[in-house]
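Reading through the structure tokens given below for one structure.
Atoms considered below: every heavy atom in the structure, side chains included; atoms not considered: hydrogens, waters and symmetry mates. From a predicted model like this one, the values you see are computed outputs, not experimental measurements. The chain is numbered in sequence order, starting from 1.
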Amino acid sequence: MKADFKPILMTMYYKLIPWPEVQELMEREGFQEHSSLAYETDKFGSQAYFIELQWLKQINELKAIEDEMEQTNN
């Protein structure tokens with residue numbers, strides 16, 4: 001029996017984040033898998049990265065939870 005495979009088209013959206021703002025994200029687990037260095041250094045600076053928006057959303061949600069927990073503990 002032959003399997004019928006259908007291609008899945010996935011569109012990824014990215015946000016360009018320059019240095020030093022990207023530094024905090026670089027410390028997060030998964031940064032390497034969800035980012036790409038922007039090579040046009042004249043245009044974006046030497047340490048700008050394209051970051052997947054979906055991953056960035058997950059990080060922001062996690063950061064909000066961490067901040068809430070910190071406020072609760074103080």
Side-chain angles (χ1 to χ4, degrees):
M1 181 173 189
K2 184 179 175 185
D4 188 22
F5 292 100
K6 294 182 181 180
I8 298 173
L9 179 61
M10 295 182 66
T11 303
M12 299 296 292
Y13 294 96
Y14 295 85
K15 180 176 182 178
L16 182 66
I17 302 181
W19 185 268
E21 291 84 5
V22 75
Q23 188 174 11
E24 180 182 335
L25 294 172
M26 295 174 92
E27 298 169 0
R28 295 283 187 164
E29 185 177 333
F31 176 80
Q32 295 293 326
E33 296 82 11
H34 300 282
S35 66
S36 180
L37 181 62
Y39 287 100
E40 292 190 35
T41 57
D42 293 341
K43 202 174 203 178
F44 306 124
S46 63
Q47 289 288 319
Y49 283 82
F50 290 103
I51 310 294
E52 291 177 11
L53 283 179
Q54 186 64 32
W55 184 73
L56 201 55
K57 180 181 175 185
Q58 291 172 352
I59 292 299
N60 288 337
E61 289 172 358
L62 180 59
K63 186 167 178 8
I65 291 169
E66 290 170 348
D67 291 346
E68 185 177 312
M69 289 175 63
E70 185 177 312
Q71 288 177 356
T72 302
N73 291 333
N74 289 333

Practice problem: Work out which heavy atom in A48 is nearest to a heavy atom in L37; give both atom names and the distance. | Solution: O-CD1, 3.3 Å
Quiz item: For E24, does the CD atom sit with more than 12 other heavy atoms under 6.0 Å from it, leaving out its own atoms?
Solution: no
Self-check item: Interatomic distance, M12 atom CE to Q54 atom CD [nearest 0.5 angstrom]
Solution: 7.5 Å
Practice problem: List in chain and number order the residues that pass ring-ring contact (aromatic ring centres under 6.0 Å, His included) with Y14, two or more places apart in sequence or in another chain; answer none if no residue qualifies. | Solution: none
Under 3.5 Å, which donor-acceptor pairs link side chains of residues 56-73 to any protein atom two or more places apart or in another chain?
unit_1	atom_1	unit_2	atom_2	d
N60	ND2	L56	O	3.4
E66	OE1	R28	NH2	3.3
T72	OG1	E68	O	2.9
N73	ND2	M69	O	3.3

Quiz item: What is the distance from atom CD of Q32 to atom CE of M26, rounded to the nearest 0.5 Å?
Solution: 7.0 Å
Quiz item: Nearest 0.5 Å, what's the CG-NZ distance between L25 and K15?
Solution: 9.5 Å
Quiz item: How far apart are the closest heavy atoms of W55 and G30, and which atoms are they?
Solution: CZ2-C, 3.7 Å
Self-check item: OG-OH distance between S36 and Y49, expressed to the nearest 0.5 angstrom
Solution: 9.0 Å
